[in-house]
Amino acid sequence: MSSSHLTHIAEPPGVAPAANYTHVVTGSGRLVQVSGQVALDERGEVVGAGDPLAQARQVFANLDRCLAAAGARFADVVKLTIFVTDIAHLPAVREARGGYVDPARLPASSAVQVVALFRPELLMEIEALAVVAD
């Protein structure tokens, strides 16, 4: 799952080592921005109400479908932005991410706890930024 058009800089000089993400990812190519995805299935129904892992798996499946629609894949993702209603959901996000992202080439990432999402039963929303080789 490597992508040769991207360079991952996990430990820039003078910056504390990253855990579960890469500090810097750079590359050249076509930019693909995927809007925040939530745990809704193709009918718009919530998957895994109250279950962070089930929701995370649905979110990553949705991201995968969106990336594919743009001719991209997870190996092209340079940044994930993760919004959770409880920071305790991050282990579930990481577990689900592991099914899609090479742990040796993790994207840059931000994780933010938010008060709420647009529907109360949703626990997380994740957006992706990818760079696809020309």
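Computed over heavy atoms, backbone and side chain alike; hydrogens, waters and symmetry mates excluded.
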So, does [X] use its side chain to make a donor-acceptor pair with the main chain of [Y] at under 3.5 Å?
X   : Y   : result
N62 : L40 : yes
Q37 : S35 : yes
H8  : V25 : no

Got a second to check how far [X]'s [atom1] is from [Y]'s [atom2], nearest 0.5 Å?
X    : Y   : atom1 : atom2 : value
M124 : Q58 : CE    : CD    : 11.5 Å
S109 : I82 : OG    : CD1   : 3.5 Å
E95  : R57 : CD    : CZ    : 5.5 Å

Between [X] and [Y], is any pair of side-chain heavy atoms under 4.5 Å apart?
X    : Y    : answer
L63  : Y100 : no
L129 : L31  : yes
V46  : Q55  : yes

Checklist outcome for this item: Minimal heavy-atom distance between V132 and A72, with the atoms involved, is CG2-CB, 3.5 Å
Checklist entry - Minimum heavy-atom separation for F60 to L80, with atom names? => result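 Nearest pair, atom of F60 first, then L80: CE2-CD1, 4.2 Å.
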Checklist entry - With ILVMFWY side chains joined below 4.5 Å, transitively, what does L53's cluster contain besides itself? => result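 When side chains under 4.5 Å apart are linked, L53 ends up in no cluster with other residues.
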Item to check | With H23, the side chain to side chain contact (heavy atoms under 4.5 Å, CB included) member among L106, V15, I9 | outcome: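 Among L106, V15, I9, the one that satisfies the side chain to side chain contact (heavy atoms under 4.5 Å, CB included) with H23 is V15.
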Item to check | D51: partners by salt bridge (charged side-chain N to carboxylate O under 4.0 Å, His left out), with sequence neighbours left out | outcome: none
